[in-house]
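Here the structure comes first, spelled out in structure tokens, and everything after it is commentary.
Note that the coordinates shown come from a computational prediction; the quantities given were computed from them, not determined experimentally. One-based numbering, in listed order, for ligands and for the atoms of each.
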Amino acid sequence: MTTPSSKKRVLSGIRATGRLHLGNYLGAVKGMLELQDKSEYETFYMVADAHAITTPYDTKTLAQNRKEVILDYLSAGLDPAKSVIFVQSMVPAHFELSHYLGSVISVNRMLHLPTYKEKVKQYSDESSMALLNYPVLMAADILAYKAEAVPVGVDQEPHLEIARQIARNMNTKFGTDFPEPKIFETVGKYIPSLLGDGKMSKSVDGSFINLTDDPDTIALRLAKVPTDSGRGESVPIKGSVANLLFFVELFQGSEDRKKYEDMYLSSGIRYSELKMDLAKAIFSVVEPIQKKRIEMVKILDDVINDGAKRAGNVASQTLLEVKQKMGF
Ligand code: TYM
């Protein structure tokens, strides 16, 4: 098989299900940004619109949602001069490859994935074959580029395990040369929910702050975070107060966190002040992204069309190699 260029390849994606929140930004986009600036990597970043149809969705908003994700990427600093930025469904080789890869992994393995079980619980009447096949399509997304590094949050690790298993099985059975892709983690690899339990998630109201939120919305969302009396014998290590302190550390630094921890053990924290400062700090991170968004609209269509061509060249080459090895 042809070897990829001497650079290591990177692939990542975000589903086209709505606006990006801080979890997507800190857990995935920050990692994407870091790798696009390293000369030893060749980076491919897509919007996973085909993955968006694995749970109930609205046909009227899908096309807009995928544009919004690309706009969020560009505004956050993904650069078409450094990365191939594209829409998954515009590179049909992913879907064909997904079919071939599906032949080396068992249904049973898919049925027992925690991510699948969670979604089935959430959408019991509407769990589809596309949902069961989600991780195989994700493996195709990654292996189409022979990517070695995948900047995603830790919630995606079970899917990466499937991609590695598929890569191994393909290599053993058919002599392909897929590398085993590994997660590329950031400090924000797990951003907790504002509500205290679980992770920040688009599907849980009140759990998230969006990249496009204005200062008032951010303040309002933080105002709803449940708190305690602000004082006690030990600083909470889980729940919404612990999460607030984690956000302080992420956006204001560890010194501020320490200051609040000391206050918790002595005079007490005034949460209204903490939340006001935190809202300002969060807005200072998202504000430049929001400003850049307006300019990026102009280049959006060119980026999408160019990205589809560049990604398509690589993915169709891999597909051809796989078909030859598999005897087609
Ligand atoms: P999606 O849209 O669910 O999530 C997009 C990215 O955001 C990360 N993320 C988080 N990170 C930290 N803390 C959180 N609270 C948080 N919430 C979300 C996710 O880990 C993810 O990196 N399956 C992917 C989409 C996909 C993909 C791929 C990714 C399709 N094909 C190929 C990589 C490679 C997903 O769940 O997207």
Side-chain angles (χ1 to χ4, degrees), residues 9-35 43-55 57 65-66 68-70 72-73 76 78 84 86-89 91 94-95 97-98 101 113-116 118-119 122 130-131 133-164 166-167 181-204 206-211 243 246-247 250 311 315:
R9 295 238 182 91
V10 176
L11 179 121
S12 191
I14 292 186
R15 280 175 307 147
T17 46
R19 310 311 280 271
L20 299 201
H21 56 63
L22 289 180
N24 303 133
Y25 177 64
L26 299 169
V29 179
K30 283 285 239 185
M32 298 183 192
L33 285 166
E34 197 177 325
L35 292 178
T43 44
F44 294 81
Y45 298 135
M46 59 167 206
V47 48
D49 54 347
H51 277 106
I53 69 160
T54 59
T55 47
Y57 78 105
N65 280 345
R66 67 185 200 181
E68 300 288 355
V69 175
I70 302 267
D72 280 332
Y73 279 167
L78 292 193
V84 178
F86 68 102
V87 175
Q88 181 188 34
S89 68
V91 185
H94 289 220
F95 307 108
L97 187 60
S98 160
L101 300 184
L113 267 185
T115 42
Y116 175 70
E118 268 165 40
K119 290 279 191 251
Q122 218 175 332
L131 181 64
N133 199 55
Y134 186 117
V136 180
L137 179 57
M138 183 162 157
D141 298 334
I142 298 167
L143 299 183
Y145 303 86
K146 300 185 184 171
E148 293 177 50
V150 184
V152 282
V154 282
D155 61 314
Q156 296 300 306
E157 186 52 29
H159 292 152
L160 281 183
E161 262 172 48
I162 297 288
R164 286 192 288 271
I166 289 178
K182 288 189 192 63
I183 196 164
F184 178 79
E185 287 180 357
T186 63
V187 280
K189 63 189 177 197
Y190 181 87
I191 300 299
S193 160
L194 292 179
L195 299 173
D197 274 340
K199 62 167 185 165
M200 184 173 283
S201 161
K202 287 179 235 204
S203 54
V204 182
S207 78
F208 58 82
I209 290 174
N210 283 332
L211 283 189
N243 293 354
F246 178 59
F247 284 113
L250 279 176

Counting only heavy atoms, which portion of H51 has something under 4.0 Å from ligand 1: side chain, backbone, both, or neither?
-> side chain

Can you find an N/O atom of I191 closer than 3.5 Å to an N/O atom of ligand 1?
-> yes

L137 side, atom CG; L131 side, atom CG - distance, nearest 0.5 Å | 12.0 Å

Using a strict 4.0 Å cut-off to heavy atoms of M200, name the atoms of ligand 1 that fall inside it.
-> 14 (C), 15 (N), 17 (N)

Check whether any heavy atom of G188 sits under 4.0 Å from an atom of ligand 1.
-> yes

Give, for atom CG of L33 and atom CG of L78, the distance between the pair rounded to the nearest 0.5 Å.
-> 5.0 Å

Hey, what do you get for CG (L101) to CD1 (I166), rounding to the nearest 0.5 Å?
-> 5.5 Å

Side chain, backbone, both or neither: which part of K202 comes within less than 4.0 Å of ligand 1 when only heavy atoms are counted?
-> side chain

Ligand 1 versus I142: contacting region, heavy-atom distance under 4.0 Å | side chain

Below 4.0 angstrom from a heavy atom of A48, which ligand 1 atoms are there? Numbered from 1 as shown, please.
-> 30 (C)

Those atoms of ligand 1 less than 4.0 Å from some heavy atom in L11 = 32 (C), 34 (C)

Heavy-atom contacts under 4.0 Å between D155 and ligand 1: side chain, backbone, both, or neither?
-> side chain

Distance (rounded to the nearest 0.5 Å) between R9 CZ and Y145 OH = 9.5 Å

Just heavy atoms, cut-off under 4.0 Å: does D141 contact ligand 1 by side chain, backbone, both, or neither?
-> side chain

Please answer whether the main-chain N or O of S201 pairs with a side-chain N or O of S207 as donor and acceptor at a distance below 3.5 Å.
-> yes

Could you pull out, from A16, S193, G23, the option with a heavy atom nearest to atom 10 (C) of ligand 1?
-> G23

Residue from E161, E157, Q156 passing side chain to side chain donor-acceptor pair (under 3.5 Å) with H159 | Q156

Numbered atoms and elements of ligand 1 in range of K199, under 4.0 angstrom, heavy atoms = 15 (N)

Heavy-atom contact under 4.0 Å between Y134 and ligand 1?
-> yes

One should read off an interatomic distance between D49 CG and F86 CZ, to the nearest 0.5 angstrom, of 10.0 Å

If you measure only the distance, is there a donor-acceptor pair under 3.5 Å linking the side chains of T54 and R15?
-> no

Element-labelled atoms of ligand 1 that are located less than 4.0 Å from some non-hydrogen atom of M46 | 28 (C), 30 (C), 31 (N)

Test item: side-chain donor near acceptor, T17 and K202, under 3.5 Å = yes

What atoms of ligand 1 come within less than 4.0 Å of a heavy atom belonging to A28?
-> 6 (C), 7 (O), 22 (O)

About how many Å separate CG of D141 and CG of L11, when rounded to the nearest 0.5 Å?
-> 6.5 Å

Decide whether an N or O pair under 3.5 Å exists between T17 and ligand 1.
-> no

Just jot down the ligand 1 atoms closer than 4.0 angstrom to any heavy atom of H21, in number order.
-> 17 (N)

Atom indices of ligand 1 within 4.0 angstrom of G27 heavy atoms, with elements | 11 (N), 12 (C)

Sub-4.5 Å side-chain heavy-atom contact between Y134 and K119 = no

Check each heavy atom of V150 against ligand 1 and say whether those closer than 4.0 Å belong to the side chain, the backbone, both or neither.
-> side chain

